[in-house]
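What you see is a predicted model; the values in this text were computed from it and never measured. Whatever order the structure lists ligands and atoms in, that order sets their numbers, starting from 1. In what follows, every heavy atom counts, from backbone to side chain, and hydrogens, waters and symmetry copies are set aside.
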Amino acid sequence: MEIIATAKEMQRRSEQLRLEGKKIAFVPTMGYLHKGHLTLMHEGKKRGDVLIVSIFVNPTQFGPGEDYERYPRDMKRDLALLKGVGVDICFTPPSQDMYPDGFQTCVEVEQVTKNLCGTSRPGHFRGVTTVVAKLFNIVKPHLAIFGEKDYQQLIAIKQMARDLNMDIEVIGIPTIRESDGLAMSSRNTYLTAKERKEALSLYRSLLKGKELFLQGQRSAAKILTEITGIIKEQKSATIDYVKICDVHTLEDIEEIKGEAIIALAVKIGKTRLLDNIILKEE
Ligand code: AMP
């Protein structure tokens with residue numbers, strides 16, 4: 001596996017691969033890899049000739065007082081996992097290379113980033129779309145793979161690619177879960193044993209919401225009451241939001257018609273966790 005640490009060198013290498021006619025698949029990550037990340041990589045291997053993975057904890061998507069400094073990092077372990085999957089190139093730029101002195105350009109997707117995490121984490125998606133746009137310009141992929149766990153992020157990136165004529169196919173992959181249902185996340189490592197147990201209420205509540213939907217309930221308010229009830233039983237849980245939204249616009253829905261998403265962000269102790277489930281007639 002090649003390891004490349006500068007944007008210049010990565011661009012040169014990608015240009016070379018493109019001239020050789022190779023289809024480049026790309027998976028951007030912030031490292032501290034788990035099976036969810038690895039599933040995106042397996043998909044990338046299937047779909048491209050060359051798989052490039054970036055590991056970069058992006059400072060601009062963390063707000064003041066968030067966990068940028070203490071975000072878990074383990075480069076040695078990550079590189080071993082990447083080799084195991086058969087990743088061809090790992091791009092690991094230092095922060096100074098991505099944001100040199102004088103940096104002043106941002107990408108902002110307006111509508112789909114307003115609700116949900118956009119409300120509770122102002123500036124977060126601006127950081128995400130800016131870094132992903134930069135990574136796309138550096139890695140020059142033909143296709144890029146993201147997780148549906150971060151559903152709003154996936155929608156924002158698809159919108160950005162469409163609006164800015166980026167010639168990149170953006171692919172979403174369903175959420176990978178632990179055997180007990182907890183959505184895999186690098187941040188799960190922050191949870192104590194007791195908190196981890198309580199965190200199971202997130203997926204349990206989403207399943208309950210889906211069950212109600214499948215039984216014919218179409219009132220978002222009624223489904224949300226059940227869900228919040230389940231989460232509020234947990235001592236360590238503080239709800240940031242639980243919402244039912246349109247799957248494309250991410251605007252709130254009152255009466256579910258066709259497809260919808262239940263999306264939630266809940267703090268378990270000090271750890272903010274995200275999860276979601278799609279509601280669709282079976
Ligand atoms: P992160 O390192 O958390 O920025 O995540 C990198 C990519 O992995 C993003 O596209 C995430 O949506 C995706 N991802 C994170 N957790 C999961 C999961 N449990 N299942 C599927 N994809 C995931």
Side-chain angles (χ1 to χ4, degrees), residues 25-47 51-63 66-68 70-75 77-79 81-82 85 87 90-93 95 98 112-113 116-117 121 124-136 139 141 143-161 168-191 196 199-200 202-203 206 250 261 263-265 271-278:
F26 177 44
V27 177
T29 81
M30 299 207 298
Y32 211 72
L33 303 174
H34 52 66
K35 254 201 321 204
H37 296 116
L38 301 187
T39 306
L40 306 191
M41 293 172 204
H42 286 300
E43 191 64 29
K45 275 218 80 79
K46 262 193 263 166
R47 292 183 183 243
L51 174 59
I52 302 180
V53 173
S54 63
I55 298 183
F56 179 62
V57 184
N58 174 37
T60 65
Q61 70 187 70
F62 291 80
E66 290 186 355
D67 57 344
Y68 174 67
R70 68 180 196 115
Y71 193 83
R73 294 160 168 92
D74 189 342
M75 191 57 88
R77 178 176 160 273
D78 285 350
L79 292 177
L81 286 169
L82 295 184
V85 177
V87 169
C90 174
F91 176 50
T92 58
S95 202
M98 291 296 275
V112 295
T113 62
L116 307 174
C117 289
R121 299 183 75 189
H124 167 69
F125 286 113
R126 194 162 96 133
V128 169
T129 43
T130 299
V131 80
V132 172
K134 284 171 66 65
L135 289 167
F136 282 180
V139 172
L143 62 100
I145 305 174
F146 295 84
E148 287 177 5
K149 184 179 87 75
D150 303 286
Y151 189 83
Q152 191 173 18
Q153 168 175 285
L154 170 65
I155 295 293
I157 289 164
K158 281 189 171 172
Q159 187 70 43
M160 170 184 80
I168 297 169
E169 187 188 358
V170 176
I171 297 158
I173 295 293
T175 302
I176 304 300
R177 300 178 180 280
E178 302 286 356
S179 54
D180 55 11
L182 181 66
M184 288 190 183
S185 163
S186 306
R187 288 190 170 98
N188 289 350
T189 183
Y190 296 148
L191 300 169
R196 200 193 167 292
L200 296 177
L202 273 51
Y203 188 49
L206 291 173
L250 300 184
I261 182 169
L264 56 77
T271 307
R272 189 171 174 280
L273 299 177
L274 295 186
D275 206 344
N276 67 71
I277 203 165
I278 301 281

Quiz prompt | Under 3.5 Å: donor-acceptor pair, side chain of S186, backbone of Y32 | solution = yes

Self-check item: N276 (side chain) donor-acceptor with I261 (main chain) under 3.5 angstrom
Solution: no

Quiz item: Do any nitrogen or oxygen atoms of I176 lie less than 3.5 angstrom from nitrogen or oxygen atoms of ligand 1?
Solution: yes

Quiz prompt | Region of P28 that comes within reach of ligand 1 [heavy atoms, distance under 4.0 Å] | solution = backbone

Self-check item: For the student: nearest non-hydrogen atoms of P141 and I168, plus distance
Solution: O-CG1, 3.4 Å

Quiz item: Got an N/O contact under 3.5 Å between I173 and ligand 1?
Solution: no

Practice problem: Would you check the N or O atoms of T175, main chain and side chain alike, for any that come under 3.5 Å of an N or O of ligand 1? | Solution: no

Quiz item: Is it the side chain, the backbone, both or neither of L40 that has a heavy atom closer than 4.0 Å to ligand 1?
Solution: side chain

Self-check item: Contacts of type salt bridge (charged side-chain N to carboxylate O under 4.0 Å, His left out), residue D74, not counting sequence neighbours
Solution: none

Quiz item: What atoms of ligand 1 come closer than 4.0 angstrom to any heavy atom of F146?
Solution: 10 (O)

Quiz item: Within the structure, does M184 bring an N/O atom to less than 3.5 angstrom of an N/O atom in ligand 1?
Solution: yes

Self-check item: Identified side chain to side chain contact (heavy atoms under 4.5 Å, CB included) counterpart of Y151 within the set L116, T175, L250, D275
Solution: L250

Exercise. Please identify which atoms of ligand 1 are closer than 4.0 Å to at least one heavy atom of M30.
Key: 1 (P), 2 (O), 4 (O)

Exercise. Give yes if a backbone or side-chain nitrogen or oxygen of H37 is under 3.5 Å from a nitrogen or oxygen of ligand 1, and no if not.
Key: yes

Exercise. Starting from atom 11 (C) of ligand 1, locate the nearest protein heavy atom and write down its residue, its atom name and how far away it is, to 0.1 Å.
Key: D150 OD2, 3.1 Å

Self-check item: Protein heavy atom at shortest distance from atom 22 (N) of ligand 1
Solution: G147 CA, 3.5 Å

Quiz item: Is the backbone N or O of R73 less than 3.5 Å from a side-chain atom of D78, with the two atoms forming a donor-acceptor pair by type?
Solution: no

Self-check item: Heavy-atom neighbours of R177 CZ exceed 12 at 6.0 Å
Solution: yes

Quiz prompt | Reported CZ-to-CD1 distance for the pair F26 and I171, which is rounded to 0.5 angstrom | solution = 13.0 Å

Exercise. Would you mind telling me if ligand 1 is within reach of the side chain of H34, the backbone, both or neither, using heavy atoms under 4.0 Å?
Key: side chain

Quiz item: Is the backbone of V112 close enough, under 3.5 Å, to the side chain of Q159 for a donor and an acceptor to pair up by distance?
Solution: no

Quiz item: Which of the atoms in ligand 1, numbered in the order shown and given with their element, are less than 4.0 Å from a heavy-atom of T29?
Solution: 2 (O), 6 (C)

